[in-house]
There are 2 protein chains.
Amino acid sequence: MVATIKDVAKRAGLSQATVSRALNKSGYVSQETLARVEQAAAELGYQPNWMARGLHGKSSNLIGLLVPEVMSLYDNSVIQYMTEKLHAHNYGLMLCIHNERADLDLKYLQLLHEKRVAGIIYTHPLNGDNSELVHQLAEHLPIIELNRRREAGLLDAVLADNIQGARQITRYLLGLGHRRIALIMGEDELTTGQNRLHGYQLALTEAGLPADRRLIRIGSFSRQHGEAAMHDLLDEDVAPTAILAGSNRILMGVLKTLTARNIHIPVDLSVAAFNDTEWLQIWNPPITTVDIAVEEMAHWAVDLLLKRISVPDVKPTPREYLLGTSLIIRESCRAV
Amino acid sequence: MVATIKDVAKRAGLSQATVSRALNKSGYVSQETLARVEQAAAELGYQPNWMARGLHGKSSNLIGLLVPEVMSLYDNSVIQYMTEKLHAHNYGLMLCIHNERADLDLKYLQLLHEKRVAGIIYTHPLNGDNSELVHQLAEHLPIIELNRRREAGLLDAVLADNIQGARQITRYLLGLGHRRIALIMGEDELTTGQNRLHGYQLALTEAGLPADRRLIRIGSFSRQHGEAAMHDLLDEDVAPTAILAGSNRILMGVLKTLTARNIHIPVDLSVAAFNDTEWLQIWNPPITTVDIAVEEMAHWAVDLLLKRISVPDVKPTPREYLLGTSLIIRESCRAV
DNA sequence: CAAAATTATGGAAACATTTTCATAGAGTCC
DNA sequence: GGACTCTATGAAAATGTTTCCATAATTTTG
């Protein structure tokens, strides 16, 4: 049988209340009493029961992380960082993966609510929209939007500066002499896609180039879309000289098509991507990409969430962190 | 304010007890009452409070998943499946990532213990060994070894049949006419590496071939080892005609080296791997590999754990599930 | 030196459930 | 037709904490 606070109290010859205060360093407790409590607790190997603890304040010591998948952006480093940081603050991390599906997302939102998590770090699914529920929940508990957003200024958010990133890499390609740069992008409803498109167009405009409709392929952030769009682009009268793949998944499709058509990077075509993965370094040739510091993203998200939890504010002014992007130049783009 | 069972009871004109029974489908409840309860619950948007629920039985409704990383084997599908299944049984999943480090692993083991998790699904870290603590913990709560094991027969385990898998793919290469098949493998302390080596040797022996020491490169499951070992093998007097990369990380290193040396797969060299990832399909040429059904692995692990939790047995006979492997033939190996 | 503030502790309520016990009507058995 | 069993429900206990309220002792303030 595991020791409860009652057992500690009995052993120390004190009341539960005092033991609780001593252990939590809340109210007044004398030095001597504190020592007695600590010794008794140690002797009994007492560990507070997490559930009973959470029962009172009505939030558990859990925070929910609801994301589309555990790869690319949400890979080891992000999740690892979050786990570690949260554990250090005595929070557990409850991971849910909605797999871009709104129905699963909904289920998990409810679940996290039921589990009375203290807060949620949330990435919208691509297919479907539960933001109504999200905003509703946000009235009771802090929610941080991570990496994606549907509407600006409503919730706290930690985002990549996608406008800047897209502009940066498009400029780079323009600098190499490319004039027909195609953009294969995913869903348009989210700021991610919108902003990347925006940054791309911005760079073109700055260079005095018109945005050619046929070079912009908006579909989904999927391998299928990347594959099909790439085929399509190659079948155009005037094929592009550079491709900007809007995500890792899209990139996979692009690469698949190029292999199938026996088109070589970068001699026949330059390719650049968004976000970095180890496989992009391994690829022959290594792929140039725009990346963000994911650890930093994780850091801000957790930090902000913990702050919101510790200083409850009924209607806080939404904060927004915009993460700078960095261009990782490899060998997949050549000058023309 | 969130609705409690009390509110539901009041609205339905019943007692808390009846509502509880109705919602949990435990004791006797009439059809009519059940309907009333469900309607009231729906109207109030009632969600049971998880912690009050867990307070009763002495274990939290959490189970711990302690794994090295969230990629390759432990990717979306595995974690997604586990989350879903566990949630369906009213358990939460607490994810911890030890990143192959024994010190982190230790920390998380203690943490999971403190949090009174009802059980742990556990994958040993490669660097270092906490199995003593693991066995100690296993006396109090069910622990399932996942995918890796240090010693047979002590704990419940869900493992891939690595002997069979390695044998299968080695046979395949032998069938293509290869006689000099190199194996680049990781740590030897875990059954994973041991068994894959064993299966490899088994297939060679069956074919009446001697196991050439110089073709076996045991190091770590890392990209670095793959890279170095591949270089080394190519510098041998008689270079191998086929490479068996012991993990995805090792494979990355192998591919990197081959690119650097301008060696083409499969014309110059055949390459096969263990475990499947989307990038293996994308690679040019797509890489042949031995894979296991990860969903099945997740399924057995969760199933077994839930069984152990529901039927507590002080000293259960350890169960072992061995998952069959399947050979996924792509285009990275050619007949010689 | 009296009043007020601070320090220290215990008793009991509160948290939201589940579970046990009690009660009682309705069938069923012999 | 009495003894049982089955069905259905409610009251209350139990779970392990934290927090609120009360009570004193001690210290500070005016």
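In what follows, every heavy atom counts, from backbone to side chain, and hydrogens, waters and symmetry copies are set aside. Chain A is the first sequence line, chain B the second, and so forth, proteins listed ahead of strands; every chain is numbered from 1. All values derive from a computational prediction rather than experimental measurement.
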- request: Could you identify which residues of residues 6-20 of chain B place a heavy atom less than 4.0 Å from some atom of DNA chain D, listed by residue number, or say none?
  value: B:Gly13, B:Leu14, B:Ser15, B:Ala17, B:Thr18
query: What class does the angle between the rings of B:His299 and B:Tyr81 fall in, given that below 30° is parallel, 30 to 60° is tilted and above 60° is perpendicular?
result: perpendicular
task: Would you please confirm or rule out a distance under 4.0 Å between OP1 or OP2 of C:dT18 and any side-chain N or O of B:Asn24?
output: yes
message: From CZ of B:Arg53 over to P of C:dT17, roughly how many Å is that when rounded to an integer?
response: 8 Å
message: Return a single string for nucleotides 21-28 of chain C, one symbol per nucleotide in 5' to 3' order, where B is base contact, S is sugar-phosphate-only contact and - is none, cutoff 4.0 angstrom on heavy atoms.
response: --------
task: Show the numbers, then the answer: is there a side-chain contact (heavy atoms from CB on, under 4.5 Å) between A:Leu126 and A:Ser220?
output: CA-CA 8 Å; A:Leu126 289 178; A:Ser220 66; over 6 Å; no
query: Taking side chain as C-beta onward, heavy atoms only, is A:Ile63 less than 4.5 Å from A:Ile309?
result: yes
task: Would you confirm whether A:Arg148, through its side chain, and A:His124, through its main-chain N or O, come within 3.5 Å as a donor-acceptor pair?
output: yes
- prompt: Quick one: B:Met51 CE to C:dT17 C1', roughly how many Å, whole number?
  reply: 11 Å
- request: Decide, yes or no, whether a salt bridge links A:Arg149 with A:Glu320 under the criterion of side-chain N to carboxylate O below 4.0 Å.
  value: yes
- request: Kindly determine whether B:Lys25 and B:Glu38 satisfy salt bridge (Lys or Arg N to Asp or Glu O under 4.0 Å), including the steps that lead there.
  value: CA-CA 11 Å; B:Lys25 315 234 180 292; B:Glu38 279 175 344; 3.6 Å; yes
- request: Residues of residues 28-47 of chain B with any non-hydrogen atom less than 4.0 angstrom from an atom of DNA chain C: list those, numerically ordered, please.
  value: B:Tyr46, B:Gln47
message: Assess the residue pair B:Arg36 and B:Glu43 against the criterion (salt bridge (Lys or Arg N to Asp or Glu O under 4.0 Å)); give the C-alpha distance rounded to whole Å, side-chain angles, the decisive distance to 0.1 Å, and a yes or no.
response: CA-CA 11 Å; B:Arg36 248 187 23 231; B:Glu43 282 170 6; over 6 Å; no
- request: Starting from C1' on D:dG10, measure out to CD1 on B:Ile5 and report it in whole angstrom.
  value: 13 Å
- prompt: Just by modelled atom types, is the B:Leu146 backbone N or O under 3.5 Å from a matching donor or acceptor in the B:Thr123 side chain?
  reply: yes
task: Say whether A:Tyr321 and A:Asp156, considering side chains only, have a donor N or O and an acceptor N or O under 3.5 Å apart.
output: no
message: Tell me the interatomic distance from A:Lys25, atom NZ, to C:dA8, atom P, rounded to whole angstroms.
response: 13 Å
Spacing of CG belonging to B:Leu111 relative to SG belonging to B:Cys96, to within rounding of 0.5 Å: 6.0 Å
- request: Compute whether any side-chain donor of one residue and acceptor of the other, for A:Asn24 and A:Ser26, lie under 3.5 angstrom apart.
  value: no
